[in-house]
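I have placed the structure first, in the form of structure tokens, so that the comments after it can refer back to it.
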2 protein chains.
Amino acid sequence: MADGKKLRYSQQRERIYEYLLSSKEHHPSAEMVYDALRSEIQGLSLGTVYRNLRLLEDLGKIRRVASHQGIDRYDSCCSDHVHFFCQSCGYIENVPKADIEKIRAAVPLGSSYQLFKLDLTLTGLCSKCTIKEITKE
Amino acid sequence: MADGKKLRYSQQRERIYEYLLSSKEHHPSAEMVYDALRSEIQGLSLGTVYRNLRLLEDLGKIRRVASHQGIDRYDSCCSDHVHFFCQSCGYIENVPKADIEKIRAAVPLGSSYQLFKLDLTLTGLCSKCTIKEITKE
DNA sequence: ATCGATGCAAAGGGTTTGCAGGAGC
DNA sequence: GCTCCTGCAAACCCTTTGCATCGAT
């Protein structure tokens with residue numbers, strides 16, 4: 001992080017970043033990224049995916065979402081926003097209507113604190129899984 | 001979780017729960033609990049700490065706070081509230097003045113969703129570490 | 001006496017890292 | 001050609017689990 005190394009282009013890194021941009025609604029894990037790209041990039045290794053996710057995070061281009069069930073998930077959107085984690089299907093959705101300013105205002109922090117980021121995660125059952133549950137009974 | 005087993009008293013479990021109650025402000029990890037109790041409970045094993053933390057969580061007596069840096073932290077308070085995670089010292093504090101109702105109101109969820117819990121984590125530098133940082137420069 | 005809880009150590013599973021070869025500049 | 005990046009596999013680290021024994025009821 002912020003070391004003197006010069007960044008060099010790599011196809012792998014570009015594809016990984018592109019994939020993250022294209023799957024804003026999935027919030028994929030490292031393994032999900034790997035599975036999605038391994039057919040397209042011959043001989044891609046999981047280690048490379050991890051290294052690039054970490055690098056992109058250090059560069060501030062992506063954001064690591066608080067991990068669920070011990071697995072880190074990634075988001076190409078770096079601004080504060082709200083996530084909904086479905087316990088049943090494991091998907092992480094954005095909650096687009098959330099009012100971030102209102103949330104910030106509800107959290108008064110002393111002036112001696114420095115706030116870098118804010119993560120609000122709702123846990124429950126998503127729309128699909130709720131309907132499945134109702135239908136089953 | 002919710003299996004037919006009958007709970008039996010154990011000194012270890014009692015102490016672990018007591019320790020969590022007494023360290024509401026620390027939000028300790030399993031290892032922190034272990035380190036704090038091993039001198040007091042002869043031959044305590046880390047596995048037992050993990051087993052009991054999980055059991056207490058399943059019983060709804062404690063809450064697992066979203067893990068930071070890959071390590072789970074525990075909280076004896078089970079109601080929704082706001083945490084402040086300090087990147088520098090690793091402490092997790094409560095943000096007592098946070099207005100949970102206001103936060104809930106800022107997050108409109110479709111009626112087809114079921115919300116079980118809400119986790120808001122602020123990340124930054126706590127008061128102490130901010131002052132340290134300023135003093136250093 | 002029964003069966004849950006413990007201690008110990010080994011196994012799991014996600015993530016990181018060392019190394020030799022390959023690719024960008 | 002100098003470095004960074006990659007693939008591979010081993011190492012790491014937190015957490016879980018199998019097993020024999022201990023302990024609560």
Note to self: Within the structure provided, determine whether A:Arg63 and A:Cys77 are in side-chain contact (heavy-atom separation under 4.5 Å).
What the structure shows: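 No. Closest side-chain heavy atoms not under 4.5 Å.
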Given that B:Leu7 and A:Leu7 both sit by DNA chain D, which one's nearest nucleotide is further toward the 5' end?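 The answer here is A:Leu7.
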Identify the pairs formed between an N or O of the protein and an N or O of nucleotides 21-23 of chain D at a distance under 3.5 Å, and give each distance.
{"residue": "D:dG23", "atom": "N2", "partner": "B:Arg8", "partner atom": "NH1", "Å": "2.5"}

Can you measure [X] atom [atom1] to [N] atom [atom2] for me and round it to whole angstrom units?
X: B:Lys5; N: C:dA5; atom1: NZ; atom2: P; value: 7 Å
X: A:His68; N: D:dT15; atom1: NE2; atom2: P; value: 16 Å
X: A:Met32; N: C:dT15; atom1: CE; atom2: P; value: 11 Å
X: A:Gln11; N: D:dG7; atom1: CD; atom2: C1'; value: 14 Å
X: B:Leu53; N: C:dA5; atom1: CG; atom2: P; value: 14 Å
X: A:Leu59; N: D:dC5; atom1: CG; atom2: C1'; value: 14 Å
X: A:Arg15; N: C:dA23; atom1: CZ; atom2: P; value: 15 Å
X: A:Arg13; N: D:dC5; atom1: CZ; atom2: C1'; value: 7 Å

Counting only heavy atoms not in [X], do more than 12 fall under 6.0 Å of its [atom1]?
X: A:Glu25; atom1: CD; answer: yes
X: B:Lys128; atom1: NZ; answer: no
X: A:Lys132; atom1: NZ; answer: no

**Prompt:** Is it true that B:Tyr74 and B:His27 have ring centroids separated by less than 6.0 Å?
**Reply:**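 No, ring centres 6.0 Å or more apart.
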Give every pair of a protein N or O atom and an N or O atom of nucleotides 7-11 of chain C that lie under 3.5 Å apart, one pair per line with the distance.
{"residue": "C:dG7", "atom": "OP1", "partner": "B:Gln12", "partner atom": "NE2", "Å": "3.3"}
{"residue": "C:dG7", "atom": "OP1", "partner": "B:Gly43", "partner atom": "O", "Å": "3.0"}
{"residue": "C:dG7", "atom": "OP2", "partner": "B:Ser45", "partner atom": "N", "Å": "3.1"}
{"residue": "C:dG7", "atom": "OP2", "partner": "B:Thr48", "partner atom": "OG1", "Å": "2.6"}
{"residue": "C:dG7", "atom": "O5'", "partner": "B:Gly43", "partner atom": "O", "Å": "3.3"}
{"residue": "C:dG7", "atom": "N7", "partner": "B:Arg51", "partner atom": "NH2", "Å": "2.9"}
{"residue": "C:dG7", "atom": "O6", "partner": "B:Arg51", "partner atom": "NH2", "Å": "3.3"}

Any chance you could measure [X], atom [atom1], to [Y], atom [atom2], to the nearest 0.5 Å?
X: A:Asp80; Y: A:Leu120; atom1: CG; atom2: CG; answer: 10.0 Å
X: A:Tyr113; Y: B:Cys129; atom1: OH; atom2: SG; answer: 10.0 Å
X: B:His81; Y: B:Ile103; atom1: NE2; atom2: CD1; answer: 11.5 Å
X: A:Ile16; Y: A:Leu44; atom1: CD1; atom2: CG; answer: 6.0 Å

*Who pairs with B:Gln11 by side chain to side chain donor-acceptor pair (under 3.5 Å), at least two apart in sequence or on another chain?*
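None.
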#### Entry: Non-neighbouring partners of A:Gln87 that pass side chain to side chain donor-acceptor pair (under 3.5 Å), sequence neighbours left out
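For A:Gln87, no residue satisfies side chain to side chain donor-acceptor pair (under 3.5 Å) once neighbours in sequence are set aside.
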(message) Give the residues of residues 20-30 of chain B touching DNA chain C, defined as any heavy atom closer than 4.0 Å, sorted by residue number.
(response)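 Output list: empty, so none.
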Step-by-step side-chain contact (heavy atoms from CB on, under 4.5 Å) determination, A:Tyr17 to A:Ile62: CA-CA 8 Å; A:Tyr17 183 52; A:Ile62 66 174; 3.9 Å; yes
### Task
Report the residue from B:Thr123, B:Asp75, B:Asp119 that forms a side chain to side chain donor-acceptor pair (under 3.5 Å) with B:His83.
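The passing option is B:Asp75.
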Under 3.5 Å, N/O pairs linking protein and nucleotides 12-14 of chain C:
none

**Q.** Below 4.0 Å: OP1/OP2 of D:dT16 and any side-chain N or O of B:Arg54
**A.**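 True: B:Arg54 side-chain N/O within range (under 4.0 Å) of D:dT16 OP1/OP2.
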Are B:Arg104 and B:Glu101 within salt-bridge range, i.e. N to O under 4.0 Å?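 Yes, this pair counts.
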